[in-house]
Amino acid sequence: MALDEKIYDLRREKLKQIAALGQEPYPRRYEFTHTVPQVLASFSGQSGEELEKERVNVRAAGRIMAIRLMGKAGFAHLQQGGERLQIYVKKDAVGEKGFELYKLLDLGDHIGVSGYLFRTRTGELTIHVEEITFLAKDLLPLPEKWHGLTDVELRYRQRYVDMVMNPEVREVFLKRSKLVQSLRRTLDGHGYIEVETPMLQSIAGGAAARPFITHHNTLDIDLYMRIAPELYLKRLMVGGLDRVYEINRNFRNEGISTRHNPEFTMLEFYQAYADMSLVMDLTQRLIEQAATDVNGTTKTKWGETEIDWAASNWKRMTMREAIIHYWPEKAGARPEMADFATHDLVAKLVKRFNSGHSHVAYNPQEPAGKTIAALFETAAEEHLTQPTIIYEFPAAISPLSKNKPEEPDWVERFEIYAGQMEISNGFSELNDPEEQRRRFEQQLQERERGDDEAHQLDEDYVRALSYGMPPAGGVGVGVDRLCMLLTNSPTIRDVILFPLLRPEQNTQDAPPAEK
RNA sequence: GGGCGCGUAGCUCAAUUGGCAGAGCAACUGACUCUUAAUCAGUAGGUUGAAGGUUCGAUUCCUUCCGCGCUCACCA
């Protein structure tokens, strides 16, 4: 029998003994006067004398994270809300039965206590317990109290244990909640309404990615988990909801990395009668406000460096300017704007770029715009630590954006980069149904060339545009990545409560079945 | 998918050139009415990720597999 099974059985036995003392083994509720953080916040300023003079009675509950027994008295620490409060249990004060109960408690158990506050000889604020109420048993042993849980795999697989042992994990997810609140508040303040659109879609549109496929039994049809809500939100533009947003999950059937989880949270918002530059400004304010709401300042740590989200620190440049600006010295003289003009010139540019150390995969079959985008990512992305807006994207990789009037191969699209990551993407929405159909058809050609991430043709979307969509600007913001940046988390798994892992093979860690 | 690395008690980690698999915490028994990584005395806990190979002998060397991490590719 494995050790933890022995402990499990032993603790079940203790639970029976606890019940024999007249305690409910799984009671329903506990009335408390203070949470642990409230006790600490309210009475940390009071001296021992003050507490003695005017007795403060409290009832509080928490999980036992440390316990010390000394004959006929003992101390323990209760953890709740990420904070710990000491309790002092004396046989004289809790009585024979109360002390029997105390001796049956284990690390990890939940209890409620009532008593009065005092300060110990060393000055620690402590509850002098008069009554213990048993609340729930921890049947499996918690990790070691000093080193805690560090095994990365276990931390993700058993996030509940991770959160008990590592208070900073709790902090990250509290900040994540504040981040999402902030995004909602800003958009609500601008007159946006929040909507929910389908996650099960018969055509996975709105982005270039491989989808998850699922099946509906009654209709007997295959469906896709959505890769983006974009096309549905724009249908709402047609329908007359002039400002909409959605914060929810997207699913992309692609690699897992420190920046990619197969399901991730995206904010998308659309505003009628707006163009790229308007939503660009709004997005910048949205993010600056989120940084302030989450951390109380526009400055956040990012590894060894610091990111400043204040408006004055944002940079803006076009994609072509960024390639020129970050052109590596080893690749010779910087290109000029004219060098991006034709397929042949771009091919030459790649050749020069690859003559330096870097390497951009180049396929002469693909449109020049695609190559330019690859060039940008290789040359510039790693330099973009401070918030930077890159705008004017090639039309070839932007089937849903509106063209620049004077340069039809380029579109009014931008992306926001920070911490070497793309965190946002927006554009002037293409609302000409015939142009949209042509773009979809180009994507179909890409698909036939073997690009299985090329956009699918969505006939109903073209039909919706044919009813007339007002001019509009739209933006997507990667909430997980923004959360990484605002909490200094190097991997996306640290900001997703239950990141996708391969399912567990053995069941050794599972609790034994009921006997 | 490629490359590199890791996997030893519930947890955190040791183990000399290939030579008896160990410690701390957690657990159990006992002592202790102001401790706080409580202390003291004792006890128990292992198919060293799995399978195979080399060897008198494998945690250690080799092969394959499984899992995880880092990284590259992929990811508009």
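Below, chain A is the first sequence line, B the second, and so on; all start at residue 1. This structure is a prediction, so every number in the text was calculated from the model and none was measured.
Residue A/Asn425 is classed as a base contact, given a heavy-atom separation below 4.0 Å to a base. Among the protein residues, A/Arg259 comes within range of no part of the nucleic acid, since none of its heavy atoms lies under 4.0 Å from any strand. If you check every strand for non-hydrogen atoms under 4.0 Å, A/Glu415 touches sugar and phosphate atoms only. A/Phe118 comes within contact range of at least one nucleobase, with a heavy-atom separation under 4.0 Å. Nucleic acid contact for A/His77: base, since at least one base atom lies under 4.0 Å from a heavy atom of the residue. At a threshold of 4.0 angstrom between heavy atoms, the contacts of A/Gly74 with the nucleic acid are absent. Among the protein residues, A/Leu142 comes within range of no part of the nucleic acid, since none of its heavy atoms lies under 4.0 Å from any strand.
Considering only side-chain N and O atoms, A/Thr150 lies under 4.0 angstrom from the phosphate OP1 or OP2 of B/U12. Distances shorter than 4.0 Å separate some side-chain N or O of A/Arg252 from OP1 or OP2 on B/A76.
Remark: the separation of the P atoms in B/A15 and B/C20 is 14 Å, to the nearest Å. Rounded to whole Å, the separation between the C1' atoms of B/A23 and B/U8 comes to 13 Å. Taking atom C1' in both B/A44 and B/C25, one finds a spacing of 15 Å when rounded to whole Å. To the nearest whole angstrom, the two C1' atoms, one in B/C56 and one in B/A51, are 23 Å apart. Here the separation of B/G45 from B/C61, taken at their P atoms, is 29 Å to the nearest Å. When the P atom is compared between B/C62 and B/G5, the two are found 11 Å apart, to the nearest whole Å. B/A14 and B/G46 have their C1' atoms separated by 15 Å, given to the nearest Å. Comparing the P positions of B/U54 and B/C11 gives a spacing of 34 Å, expressed to the nearest Å.
Both A/Gly123 and A/Asp92 sit near RNA chain B, but only A/Asp92 has its closest nucleotide nearer the 5' end.
Ionic pairing of A/Glu407 and A/Arg320 is present here: one or more N-O contacts between side-chain nitrogen and carboxylate oxygen are shorter than 4.0 angstrom. Salt bridge annotation for A/Lys53-A/Glu49: absent, with no cationic side-chain nitrogen under 4.0 angstrom from a carboxylate oxygen. Salt bridge annotation for A/Glu441-A/Arg438: absent, with no cationic side-chain nitrogen under 4.0 angstrom from a carboxylate oxygen. Salt bridge annotation for A/Arg252-A/Glu263: absent, with no cationic side-chain nitrogen under 4.0 angstrom from a carboxylate oxygen. Taking the charged nitrogens against the carboxylate oxygens, A/Arg119 and A/Glu124 have no contact shorter than 4.0 Å, which rules out a salt bridge. Here A/Arg235 pairs with A/Asp458 in a salt bridge; the nearest charged N to carboxylate O distance falls below 4.0 Å. A salt bridge links A/Lys370 with A/Asp451: at least one charged nitrogen is closer than 4.0 Å to a carboxylate oxygen.
The aromatic rings of A/His128 and A/Phe118 lie perpendicular to each other, with more than 60° between the two planes, well past the 30° mark. Under the 30°/60° scheme for interplanar angles, the aromatic rings of A/His343 and A/Tyr362 are found to be tilted.
Taking atom CZ of A/Arg226 as the reference point, atom C1' of B/A76 lies 17 Å away to the nearest angstrom. The CD-P distance, from A/Glu52 to B/C34, rounds to 16 Å in whole Å. Going from atom CZ of A/Arg68 over to atom C1' of B/U33 covers 14 Å, rounded to whole Å. In this structure, A/Met165 places its CE atom 11 Å from P of B/A26, rounding to the nearest Å. Per the geometry, CD belonging to A/Glu381 stands 11 Å off C1' belonging to B/A76, to the nearest Å. Between the CD1 atom of A/Ile64 and the P atom of B/A26 there is a distance of 14 Å, given to the nearest Å. Computed from coordinates, the A/Leu104 CG to B/A27 P distance equals 13 Å when rounded to whole Å. One interatomic measurement links the two molecules: OH of A/Tyr8 to P of B/C11, which rounds to 18 Å at whole-angstrom precision.
The side chain of A/Lys90 has B/U33 as its nearest neighbour among B/A27, B/U33, B/C13. Side-chain proximity of A/Thr258 to B/U71, B/C34, B/C68: nearest is B/U71. Here the side chain of A/Met70 is nearest to one of B/A76, B/G67, B/U33, namely B/U33. Closest to the side chain of A/Arg502, out of B/C74, B/C68, B/U35, is B/C68. The side chain of A/Lys6 lies closest to B/G45 when the candidates are B/A76, B/G45, B/A27. Out of B/U12, B/C68, B/A76, the shortest distance to the side chain of A/Arg157 is found at B/C68. For A/Pro141, the side-chain atoms get nearest to B/G10 when compared with the rest of B/G10, B/A27, B/A76. With distances taken from any side-chain atom of A/Ile397 to the nucleotides B/A76, B/A26, B/U35, the minimum falls on B/A76. Side-chain proximity of A/Lys14 to the nucleotides B/C74, B/C28, B/U12 is greatest for B/C28. Comparing B/U12, B/G67, B/C34 by their nearest atom to the side chain of A/Phe75 picks out B/C34.
Residues A/Ile389 and A/Gln284 form a side-chain contact, since some pair of their non-hydrogen atoms from C-beta on lies under 4.5 Å apart. At least one side-chain heavy atom of A/Pro499 sits under 4.5 Å from a side-chain heavy atom of A/Arg159. Within the 4.5 Å cutoff, side-chain heavy atoms of A/Ile492 are placed close to those of A/Val495.
In RNA chain B, runs of at least 3 stacked Watson-Crick or G-U pairs (N1-N3 plus N6-O4 or O6-N4, or N1-O2 plus O6-N3, all under 3.5 Å) give these stems: B:1-7 with B:66-72, B:10-13 with B:22-25, B:27-31 with B:39-43, B:49-53 with B:61-65.
A donor-acceptor contact closer than 3.5 angstrom links the side chains of A/Thr371 and A/Glu366.
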Nucleotide N/O to protein N/O under 3.5 Å, stretch nucleotides 22-25 of chain B:
{"residue": "B/C25", "atom": "O2'", "partner": "A/Glu144", "partner atom": "OE2", "Å": "3.4"}

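One can find a donor-acceptor pair under 3.5 Å joining the base of B/U35 and the side-chain atoms of A/Gln86. Put simply, the side chain of A/Thr120 and the base of B/U35 share a donor and an acceptor less than 3.5 Å apart.
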